[in-house]
Amino acid sequence: MTYFIVFIVMVSQGLTLQAQMAKVDEIYSPKELSYILSNIQVEKISSKVFYHGGIYAKAYPISDSKATQETTFEGYDGVLMSYYFSFTPDGDYYSSSRLYKIEGLLDPQLIDWMELKEADQLQIKVIIEHGPALERISDSFQFKVNE
């Protein structure tokens with residue numbers, strides 16, 4: 001059974017894409033693994049260690065035709081991008097891992113990601129810049145990375 005939980009949607013106005021919004025999902029099932037692996041942009045994969053080696057994170061950008069509506073790009077066949085974020089305690093992918101997806105981004109760039117100091121919650125904040133060249137916006141997303 002696939003569970004998708006929408007966590008945050010934060011898109012500023014002014015984006016000229018038609019009816020397109022960034023969406024964040026937590027991924028519980030590898031149902032689309034073949035699609036993801038065939039569209040990943042390997043040269044743009046990022047990784048970072050948080051909480052003094054307690055959380056290992058990776059960001060995987062993909063060309064995502066499934067997140068692109070037919071009316072998004074008028075006059076040419078463009079494709080929106082998505083980012084998959086994987087968060088793993090101690091780098092041990094066998095014990096547990098959290099996988100999130102941010103989709104519907106035009107020409108995204110990962111600007112920064114940082115740990116947030118919350119009481120009992122381990123959270124990572126990600127800042128992504130995206131949009132048309134003359135109308136770039138920065139959105140921030142927060143991910144819960146522990147149980």
Tell me, please, which residues at least two apart from Q123 pass side-chain hydrogen bond (donor to acceptor under 3.5 Å, both in side chains). none

Do you know which two heavy atoms are closest between P108 and I128, and how far apart they sit? CB-CG2, 3.8 Å

Can you hop from L106 to I111 via hydrophobic side chains spaced under 4.5 Å? no

Could you tell me whether a side-chain N or O of Y100 sits under 3.5 Å from a main-chain N or O of K144, the two making a donor and an acceptor? yes

State the OG-CG distance between S138 and D112, to the nearest 0.5 angstrom. 10.5 Å

For S140 and I127, work out which heavy atoms get closest and say how close. CB-CG1, 4.1 Å

Candidate list F143, F50, Y56, test ring pair (Phe, Tyr, Trp, His ring centres under 6.0 Å), partner F87, passing option: F143

Answer whether the closest heavy-atom distance between the side chains of Q109 and D107 falls below 4.5 Å. no

For a 4.5 angstrom cut-off between non-hydrogen side-chain atoms, does Q41 reach M81? yes

How many angstroms lie between CG in L110 and CD in E129, if you round to the nearest 0.5 Å? 11.0 Å

Determine yes or no for a side-chain-to-main-chain donor-acceptor pair under 3.5 angstrom, with E115 supplying the side chain and Y51 the backbone. yes

Counting N and O atoms only, with roles assigned by atom type, does the side chain of T68 sit under 3.5 Å from a partner on the main chain of L80, one being a donor and the other an acceptor? yes

Out of curiosity, does F85 fall in the hydrophobic cluster containing L105 (side-chain heavy atoms, cut-off under 4.5 Å, transitive links)? yes

Mind checking whether Y35 and I62 have side chains closer than 4.5 Å, heavy atoms only? yes

List the atom of A67, the atom of G104, and the distance in Å for their closest heavy-atom pair. CB-N, 4.1 Å

Taking every non-hydrogen atom, the tightest pair across D64 and S82: OD2-OG, 2.6 Å

Looking only at heavy atoms, what is the nearest atom pair of V79 and S63, with distance? CG1-C, 4.1 Å

Nearest 0.5 Å, please: how far is OG in S47 from CH2 in W113? 6.5 Å

Testing I40, V42, I36 for side-chain contact (heavy atoms from CB on, under 4.5 Å) with Y60, which one passes? I40

